[in-house]
Amino acid sequence: MLSTSTSTLVFWFLTILIVASALAVVLLRNIVHSALFLILTFVGIAGIYILLNAEFLAAVQILVYAGAIAILVVFAVMLTRRGDISESNLFNKNYLAAGVLCLALFILNTFLIGQTFWTIKSGEPPLNNVGAIADAFLGRYVLPFEVAAVLLLVAMVGAILLARGVNQDQ
Amino acid sequence: MITLNHYLALGGMLFCIGLYGALAKKNAIAILMGIELMLNAVNINLVAFNHYLEPSKVVGQVFAIFVIVVAAAEVAVGLALVLNIYRRRLESNVDDFNWLKW
């Protein structure tokens, strides 16, 4: 457990890292740079999870997001490339309206967060994070767990079928 | 002192950045990146609620893992769709995906 001042410092460092790299994902004009900054954002979010005593989730975040999903995105970028790579990630014609909408949503959101009163509970987080999550998955949440497994299987079969393409002659 | 509100504001900011990316980009892969940012913002909120409102249980983390599972499935199918469309039309700009238009 970190001391309060250290965790404050780490929080602000990670927040600046996450927001700056997320902005870089959206604003850069080269989609390969966007994909690389996306990995940096995911790693920063894993740091936030460690700060919140969710070590298992941080490991899953690194494995699934910074590993698998980022590689998948880079692969898709490389396979769908024509023309100039430095002009590959441009804005469409309603970027101004989208910016106003997102800014308004952010201001409203922050205002409502400030207005809401949360009942903060102080309690000890479980010492064995992985064990507690395993108990939840194979105990109370066993049905959603199985459904998630079926969803992953279906998504995998669907992705293979879509990417490979159906042979029309057969 | 970092409170729950700080984490919620971080999640809200990340969500809005992701929403902007999803709404204002031409490239289909960039739109998928924006959706990934939004899902990550939701996960930050879930874990922060878990840590501050019910620290003795791991319900928020369990939900965050379900969100990660759905995000992985979504991005796999989405990128396969983009690849398939690119193979037919040699284009990954969503403004040109209009051959269902009247």
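Chain naming here is simple, since letters A, B, ... match the order of the sequence lines and numbering starts at 1 in each.
- A 4.5 Å side-chain heavy-atom check between A:N109 and B:F15 finds every atom pair outside the cut-off.
- What you find for B:A76 and A:L72 is that their closest heavy atoms are CA-CD2, 3.9 Å.
- Side-chain atoms of A:R140 and B:V59, non-hydrogen and from C-beta on, never get closer than 4.5 Å to each other.
- If you chain together hydrophobic residues whose side chains sit under 4.5 Å apart, A:Y49 and A:L9 never meet in one group.
- Atoms CG and OG, from B:L14 and A:S21 in turn, are 8.5 Å apart once rounded to the nearest 0.5 Å.
- Within the 4.5 Å cutoff, the side chain of B:N40 has no heavy atoms near those of the A:T41 side chain.
- Taking 4.5 Å as the limit, some side-chain heavy atom of A:L51 sits within range of a side-chain heavy atom of B:Y7.
- Using a 4.5 Å cut-off between side-chain heavy atoms of Ile, Leu, Val, Met, Phe, Trp and Tyr, with links allowed through other members, A:V130 and B:I65 fall into the same hydrophobic cluster.
- Proximity to chain A involves both the backbone and the side chain of B:Y52, based on heavy atoms less than 4.5 angstrom apart.
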A:L90 vs B:N27, test: side-chain contact (heavy atoms from CB on, under 4.5 Å). Steps then yes/no. CA-CA 7 Å; A:L90 302 178; B:N27 195 318; over 6 Å; no

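- Around NE2 of A:H33, the count of heavy atoms belonging to other residues, nucleotides or ligands within 6.0 Å does not exceed 12.
- By number of non-hydrogen pairs under 4.5 angstrom with chain A, the leading residue of B:L90, B:N93, B:I85 is B:L90.
- Side-chain atoms of B:M33 and A:V73, non-hydrogen and from C-beta on, do get closer than 4.5 Å to each other.
- Linking ILVMFWY side-chain heavy atoms closer than 4.5 Å, directly or via other members, places A:F13 and A:L23 in a single hydrophobic cluster.
- Each of A:S5, A:A136, A:G99, A:A70 has some count of heavy-atom pairs under 4.5 Å with chain B, and the biggest count is that of A:G99.
- When each of A:A132, A:G158, A:P144 is checked for heavy-atom pairs under 4.5 Å with chain B, A:P144 comes out on top.
- A cation-pi arrangement, defined by a distance under 6.0 Å to the six-membered ring centre and an angle within 45 degrees of its axis, is absent between B:K26 and A:F91.
- From B:L4, atom CG reaches atom OG1 of A:T116 across 10.0 Å, with rounding to the nearest 0.5 Å.
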Apply side-chain contact (heavy atoms from CB on, under 4.5 Å) to B:L10 and A:V19, showing your working. CA-CA 8 Å; B:L10 169 64; A:V19 172; 4.0 Å; yes

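- Of the listed residues B:N84, B:V94, B:N50, the one with more heavy-atom pairs under 4.5 angstrom with chain A than any other is B:N84.
- Atom NZ of B:K57 is separated from atom CD1 of A:I133 by 15.0 Å, given to the nearest 0.5 angstrom.
- Under the 4.5 Å side-chain criterion, counting only non-hydrogen atoms from C-beta, B:I17 is not in contact with A:F106.
- Counting heavy-atom pairs under 4.5 Å between each of A:A68, A:A148, A:A22 and chain B puts A:A22 at the top.
- Considering only heavy-atom pairs separated by less than 4.5 Å from chain B, the leading option among A:I31, A:T15, A:I18, A:I160 is A:I31.
- What you find for B:A80 and A:A159 is that their closest heavy atoms are CB-O, 3.5 Å.
- Interface residue A:I113: backbone and side-chain heavy atoms are both found under 4.5 Å from chain B.
- Per-residue counts of heavy-atom pairs under 4.5 Å with chain B were compared for A:I48, A:T110, A:N94; the largest is that of A:I48.
- Between A:L151 and B:V70 the shortest heavy-atom distance is CD2-CG2, 3.9 Å.
- There is a path of hydrophobic side-chain contacts, each under 4.5 Å, that joins B:F63 to A:L138.
- Taking OG1 from A:T80 and CZ from B:R89, the interatomic distance works out to 15.5 Å, rounded to the nearest 0.5 Å.
- Both A:Y141 and B:V42 are assigned to one and the same hydrophobic cluster, defined by single-linkage of ILVMFWY side chains at heavy-atom distances under 4.5 Å.
- Using a 4.5 Å cut-off between heavy atoms, A:L28 contacts chain B through its backbone alone, with no side-chain atom that close.
- Heavy-atom distances place both the backbone and the side chain of B:L8 under 4.5 Å from chain A.
- Shortest non-hydrogen contact noted between A:I69 and B:A72 is CD1-CA, 4.0 Å.
- When side chains are defined from C-beta on, B:T3 does not count as touching A:I120, because their heavy atoms never get closer than 4.5 Å.
- Taking each heavy atom of A:A54 and B:V47 in turn, the nearest pair found is CB-CG1, 3.9 Å.
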Could you walk me through whether A:N129 and B:Q61 pass the side-chain contact (heavy atoms from CB on, under 4.5 Å) test, one step at a time? CA-CA 10 Å; A:N129 200 266; B:Q61 297 179 35; 3.2 Å; yes

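- Side-chain contact check for B:K25 versus A:Y95: every heavy-atom pair is 4.5 Å or farther apart.
- For the residue pair A:Q61/B:N43, the side-chain donor-acceptor check at 3.5 Å is not satisfied.
- Sorted by first and then second residue, the ring-ring contact (aromatic ring centres under 6.0 Å, His included) pairs involving residues 56-81 of chain A (not counting sequence neighbours) are A:F42-A:Y65.
- The heavy-atom pair separating A:W118 from B:N5 by the smallest distance is NE1-OD1, 3.5 Å.
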Using the rule given for side-chain contact (heavy atoms from CB on, under 4.5 Å), can you reason through A:L57 versus B:I68, listing the C-alpha separation, both sets of side-chain angles and the distance that settles it, and then say yes or no? CA-CA 10 Å; A:L57 208 57; B:I68 289 177; 4.3 Å; yes

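- Of the residues considered (B:D95, B:L81, B:L79), B:L79 shows the highest number of contacts with chain A, using heavy-atom pairs under 4.5 Å.
- With a threshold of 4.5 angstrom between heavy atoms, A:L38 approaches chain B through side-chain atoms but not through N, CA, C or O.
- Atom-to-atom distance recorded for B:L19:CG and A:L101:CG is 6.0 Å, nearest 0.5 angstrom.
- Contacts between A:A97 and chain B at a heavy-atom distance below 4.5 Å are absent for every atom of the residue.
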